[in-house]
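Ligands are counted one by one from 1 in listed order, and the atoms in each one are counted from 1 as well. The structure presented is a predicted model; accordingly, all values stated were derived computationally and were not measured.
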Amino acid sequence: MSHHPLQAPPPIPARPRMTVIGTGYLGATHAICMATLGFDVLGVDVVAEKIQALAAGRVPFYEPGLPEKLRQALDSGRLRFTTSFDEAAAFGDVHFICVGTPQQEGSAAADLRYVDAAFTALAERIDRKALLIGKSTVPIGTAARLTELVQRLSPIGDELELAWNPEFLREGFAVEDTLHPDRLVFGVASEWAESMLRASFAPILEIGTPLVVTDTPTAELVKVAANSFLATKISYINAMAEVCEATGADVTRLAEALGYDDRIGSRFLKPGLGFGGGCLPKDIRAFRHRAEELGVGHAVAFLEEVDGINLRRRLRTVDLVRELAGGDLRGVRVAALGAAFKPDSDDVRDAPALDVARMLYLEGASVVVYDPEANANAHRLYPDLDYAASLAEAVSGAGVVALLTEWAEFRTMDPVALGLVVAQRRIVDGRHALDQDAYLAAGWTYRALGRPAVAPRLAPADAMDQQVA
Ligand code: UGA
């Protein structure tokens with residue numbers, strides 16, 4: 001049933017029925033939040049276990065606030081889950097595609113096989129006018145290529161339209177970022193597509209969220225440009241940390257002073273072990289790769305340096321642990337605090353913390369990893385490392401403690417109490433998350449990237465021992 005060009009397109013539903021294809025961090029959060037806003041939503045995934053968990057009210061990953069929202073959405077009767085693309089095609093007025101675009105094995109490019117499969121599966125089945133909305137992070141030009149593909153495959157031809165709506169949510173803040181985003185970006189090719197998107201995001205636009213309406217290549221570019229900027233900002237301050245290390249300057253004071261300049265700002269200017277996760281690292285690599293294909297590789301060649309600075313922080317952290325261990329890591333028990341790529345997440349994809357733990361292990365250290373939420377995921381990736389069930393177990397008898405992910409549980413450790421259970425009071429603060437003075441006062445040797453080494457002070461207990469002696 002295709003519409004004649006002279007026929008008016010079908011009216012825009014006030015509340016379009018939505019499917020969300022791919023129920024990872026992005027898709028699950030999007031599906032759940034849209035249902036809480038009053039839309040009828042069908043979540044779709046090819047992994048049956050994920051669908052079963054979500055349908056039973058269980059979020060299959062750690063994301064603060066999301067389990068409560070899932071409960072609310074399921075109770076409202078507006079959210080259902082399926083593995084059937086037939087059901088999805090029949091149900092949706094709009095289809096959000098939220099599948100992953102990981103880095104290809106052996107290449108910097110993005111792996112688009114899941115994106116292509118999802119668009120293909122929908123296109124073959126949809127037989128009434130509908131809008132496919134890509135949310136996945138993709139190389140520039142993907143929407144144009146997919147438009148051709150889906151219109152060729154679809155029984156309704158060019159009545160099946162495609163738009164791009166990049167997503168900017170951060171893990172750990174996924175609900176907040178979805179319901180109160182800094183901005184919405186609609187990459188569209190027709191007024192009808194724009195109207196469908198406006199209807200789909202009406203409750204979020206009504207609260208005054210800024211909207212940028214543009215073409216699909218610009219929408220695709222916004223996402224990678226934003227993540228590249230954030231990665232560059234982090235690597236910038238980490239490059240300054242390298243300079244600090246050579247000069248005896250202190251990068252934490254430097255970052256503080258720079259951040260007071262409104263034009264620079266203090267967010268994403270936090271030095272330390274650097275960025276990881278399923279987004280920033282692979283996005284800057286895929287962007288460089290795509291720019292080269294487009295003949296503008298020189299324009300983003302600096303991203304290679306951004307990547308290099310970032311990876312050097314991991315090596316330098318290993319250097320600090322080795323220095324504290326007296327130059328040789330063999331047989332030294334190291335407590336690796338944190339495995340997730342950042343706190344409030346159990347995501348260990350390209351996690352700097354786990355990478356450091358792995359390198360310490362390869363140098364012969366006896367590494368005990370503890371993460372409040374990510375132990376299971378980390379164990380799956382690196383089964384050779386030892387994992388502790390608690391902070392106390394991890395630090396007990398440690399020759400060096402390395403803080404690698406700044407969970408609140410680690411930030412609030414008591415240096416005096418901690419000092420009583422370790423074998424040696426030696427700590428590397430890989431995230432500038434600890435109070436240096438408090439650790440020094442408790443008799444610790446404290447080292448952090450980009451900060452001068454300060455001689456440890458005697459702990460009150462040691463001072464007392466000396467008096468007694
Ligand atoms: C990032 C972006 O911030 C989101 O806007 C985007 O939507 C998302 O990628 C995505 O592409 O899907 P996320 O990967 O959840 O979000 O994590 P961030 O909060 O950006 O942190 C990334 C890494 O940078 C972490 O490893 C964090 O520890 C590190 N970081 C962050 C620093 O080292 N210093 C900082 O000042 C800030």
When you measure from the side chain of [X] to the backbone N and O of [Y], does any donor-acceptor pair fall under 3.5 Å?
| X | Y | value |
| --- | --- | --- |
| S136 | V99 | yes |
| S345 | K342 | no |
| T209 | I204 | yes |
| D93 | R17 | yes |
| N377 | V348 | no |
| N238 | A241 | no |

Return the residue, atom name and 0.1 Å-rounded distance of the protein heavy atom closest to [atom].
| atom | answer |
| --- | --- |
| atom 20 (O) of ligand 1 | F268 CZ, 3.2 Å |
| atom 14 (O) of ligand 1 | F341 CE1, 3.6 Å |
| atom 1 (C) of ligand 1 | L280 CD1, 3.7 Å |
| atom 12 (O) of ligand 1 | C279 SG, 3.0 Å |
| atom 5 (O) of ligand 1 | F168 O, 2.9 Å |
| atom 19 (O) of ligand 1 | K342 NZ, 2.9 Å |
| atom 30 (N) of ligand 1 | I234 CD1, 3.5 Å |

Measuring from non-hydrogen atoms of [X] to any atom of ligand 1, is the shortest distance under 4.0 Å?
| X | answer |
| --- | --- |
| G277 | no |
| E406 | no |
| R431 | yes |

Which one holds for [X] and ligand 1: side chain close, backbone close, both close, or neither close, with close meaning a heavy atom under 4.0 Å?
| X | answer |
| --- | --- |
| N227 | side chain |
| L26 | neither |
| L169 | backbone |

Exercise. Using only heavy-atom distances, determine whether the side chains of K282 and T137 contain a donor-acceptor pair under 3.5 Å.
Key: no
Quiz item: Do you see a donor-acceptor pair shorter than 3.5 Å between the side chains of E256 and S266?
Solution: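 No donor-acceptor contact under 3.5 Å links the two side chains.
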Can you name the atoms of ligand 1, numbered from 1 with element, that are less than 4.0 Å from a heavy atom of [X]?
| X | value |
| --- | --- |
| F275 | 23 (C), 24 (O), 26 (O), 29 (C) |
| G274 | 26 (O), 29 (C), 33 (O) |
| E167 | 7 (O) |
| E171 | 15 (O) |
| L230 | 3 (O) |

Report the relative orientation of the aromatic rings in [X] and [Y]; use parallel for angles under 30°, tilted for 30 to 60°, perpendicular for over 60°.
| X | Y | value |
| --- | --- | --- |
| H30 | F201 | tilted |
| Y25 | F61 | tilted |
| W407 | Y62 | tilted |

Quiz item: Evaluating non-hydrogen atoms only, which member of R170, K270, R267 is closest to atom 16 (O) of ligand 1?
Solution: R170
Quiz item: CG/D386 to NE2/H379 distance, rounded to the nearest 0.5 angstrom?
Solution: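 Output value for this atom pair is 9.0 Å.
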